Amino acid sequence: MAGARAAALPRRLLLRGLLPVLALLLLALLSLATGRYGVPPGDILAVLGGKLLGLPSGVDATAQTVILQVRLPRVAGALVVGAGLAAAGATYQGLFRNPLVSPDILGVSAGASLGAVAGIFLSLPVAAIQGLAFLGGLGAVAIVYGVGAAVRRHDPVLTLVLAGVAVGAVLGAAISLLKVLADPYNQLPAITYWLLGSLSAVSLPDIGAILPAILIGLAPLVLLRWRMNLMSLGEEEARALGVETRLLRPLFVAAATLVTAAAVSVTGVIGWIGLIVPHVARLLVGPDFRRLLPASLMLGAGYLLAVDLVARTIAPIEVPLGILTALIGAPFFLWLLATARRGWS
C-alpha cells in the first residue's frame, strides 16, 4: 500500500507541473490564431516549425507575417512581462508581509514612467525611451532606499513604504508637469498611450533586450526562495532563525525591482498584475514561497496573455492593457481589502 502511494506521488507531481504548462501553451496557440486575420492552428505550427528548422512552411506570406511579426512578439511579451510582474509582486508581498502591496509600492512604476515620459518629451528614439524607463525605475527605488537608510528611528519596512509613497507622489507631479508642457498633438498622445500600457509596439528584439535583466532578477528569488519564507515571518523572527535580514532584504528588493523595471520599460505601466496574481496563487498553493513563486510565474504569464487577447479583440480599436487590468483588478482589490486577514499567513 505504501509502495503504491509512493509510486503515485511522482505521477501527481508530474501532472500538476505539466497541466499548467499545457494550458499555457494552448492559450498561446489561441492567441496566435485569434484576431482580425484568423490563422488555423495547423498553419501556426507549420510556420513556427519551419522557422525553427529553416524549412519552407508552405503557408502564404500574409499569414507568416501576421504570425511572426505581429502576434508572436505580443505573445512572447505577455508571457515574459506577466510572469515577471507577478513574481515581483509575490516577492514584495512576502517581504512586507501584506497581500495588499504590489511592485508599485517603492515607486518603480512611477520612476519608469517619468523616464519614459522624459524620453518622449525630448523626442528620443524608442530604444532611448526604454532605457530611460529602465533607469528611472531603478533610480526611484535607489532614492527610496536612501531615504530609508537615513531614517533609522522607525520600523524599516514602514519607512520604506512611506518613503515609496512620498517619492512616487513627487515623481507623479513631475510626470504631470511634463504632460502639461508636451506638444498636445504629437507628444501628449504618445505619453498618454505609454502610461496606459500596451504590447502593440513590442518586438522580439525588445523581449531579447529585457530577458537577461528579468532572468538575473529572478535568479536570487529562485535560489533563495526558502529564505523568503523566513523573511515573511518578520524582522525579529527571521533574525532569530539565523537570517541576515539587512543583507537579504535589499537583495530581494533589488531583484524584484530589476524585474519590474525591465518589464515596464518596454510595455508601459500595466498595473494590478503584481497585486492580484500573487494573491490568487497564494489561495491555490498556499504561502510557501517555494510553491508560490512558480505558481505566480505561470498565472501571471497566462493572465496577461488572456488580457492582451481580450484587449485586441473586444473592440474595433485596441484597448490599452492598463484599462482592462484596472477594470478587473480594482473590484478584486476591494474584495481583497474587505476579506483579508489582519495578519500575514
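Please read all numbers here as calculations on a predicted model, not as lab measurements. These values consider heavy atoms only, across backbone and side chains, with no hydrogens, waters or symmetry-generated copies. Heads up: numbering here begins at 1 and tracks the sequence.
- Linking ILVMFWY residues whenever their side-chain heavy atoms come closer than 4.5 Å, directly or via other members, leaves Leu258 and Val80 in distinct clusters.
- Through ILVMFWY side-chain contacts below 4.5 Å, Ile317 is grouped with nothing and stands alone.
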Just list the side-chain donor-acceptor pairs under 3.5 Å for residues 157-178, sequence neighbours left out, or say none.
| residue | atom | partner | partner atom | Å |
| --- | --- | --- | --- | --- |
| Thr159 | OG1 | Asp155 | O | 2.9 |
| Ser176 | OG | Gly172 | O | 3.1 |

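- Checked by atom type and distance alone, the side chain of Gln187 pairs as donor or acceptor with a backbone atom of Phe121 at under 3.5 Å.
- Two residues are said to be in side-chain contact when any heavy atoms from C-beta on lie closer than 4.5 Å; Tyr193 and Pro320 meet this criterion.
- For Arg74, the salt bridge (charged side-chain N to carboxylate O under 4.0 Å, His left out) criterion is met by Asp308, Glu318, not counting sequence neighbours.
- When side chains are defined from C-beta on, Leu188 does not count as touching Asp183, because their heavy atoms never get closer than 4.5 Å.
- Under the 4.5 Å side-chain heavy-atom criterion for ILVMFWY residues, a single connected hydrophobic cluster contains both Leu85 and Leu211.
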Below 3.5 Å, can you tabulate the donor-acceptor pairs from side chains in residues 213-231 to any protein atom, sequence neighbours excluded?
| residue | atom | partner | partner atom | Å |
| --- | --- | --- | --- | --- |
| Arg225 | NH1 | Val222 | O | 2.4 |
| Asn229 | OD1 | Phe289 | N | 2.7 |
| Asn229 | ND2 | Asp288 | OD1 | 2.8 |

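- For the side chain to side chain donor-acceptor pair (under 3.5 Å) test, no residue two or more places apart in sequence or in another chain qualifies with Ser296.
- Counting heavy atoms from C-beta outward, Arg71 and Tyr37 have side chains that approach closer than 4.5 Å.
- A heavy-atom distance below 4.5 Å is found between the side chains of Val280 and Phe332.
- Residues Val47 and Gln64 approach most closely at CG2-CG, 3.9 Å, considering heavy atoms.
- Criterion: ILVMFWY side-chain heavy atoms under 4.5 Å apart, direct or through other members. Under it, Leu24 and Leu299 are not part of a common hydrophobic cluster.
- No more than 12 heavy atoms of other residues, nucleotides or ligands sit less than 6.0 Å from atom CD1 of Ile314.
- For Trp194, the ring pair (Phe, Tyr, Trp, His ring centres under 6.0 Å) criterion is met by no residue, not counting sequence neighbours.
- The cluster map of Ile, Leu, Val, Met, Phe, Trp and Tyr, joined by side-chain heavy atoms under 4.5 Å apart, puts Ile276 and Leu304 in the same cluster.
- Within the 4.5 Å cutoff, the side chain of Leu199 has no heavy atoms near those of the Arg312 side chain.
- When all heavy atoms of Leu95 and Val253 are compared, the closest pair comes out as CD1-CG2, 3.6 Å.
- Tracing side-chain contacts under 4.5 Å through hydrophobic residues (I, L, V, M, F, W, Y), one never reaches Phe134 starting from Val266; they form parts of separate clusters.
- Classification of the Tyr92-Phe96 ring pair by plane angle, with boundaries at 30° and 60°, yields parallel.
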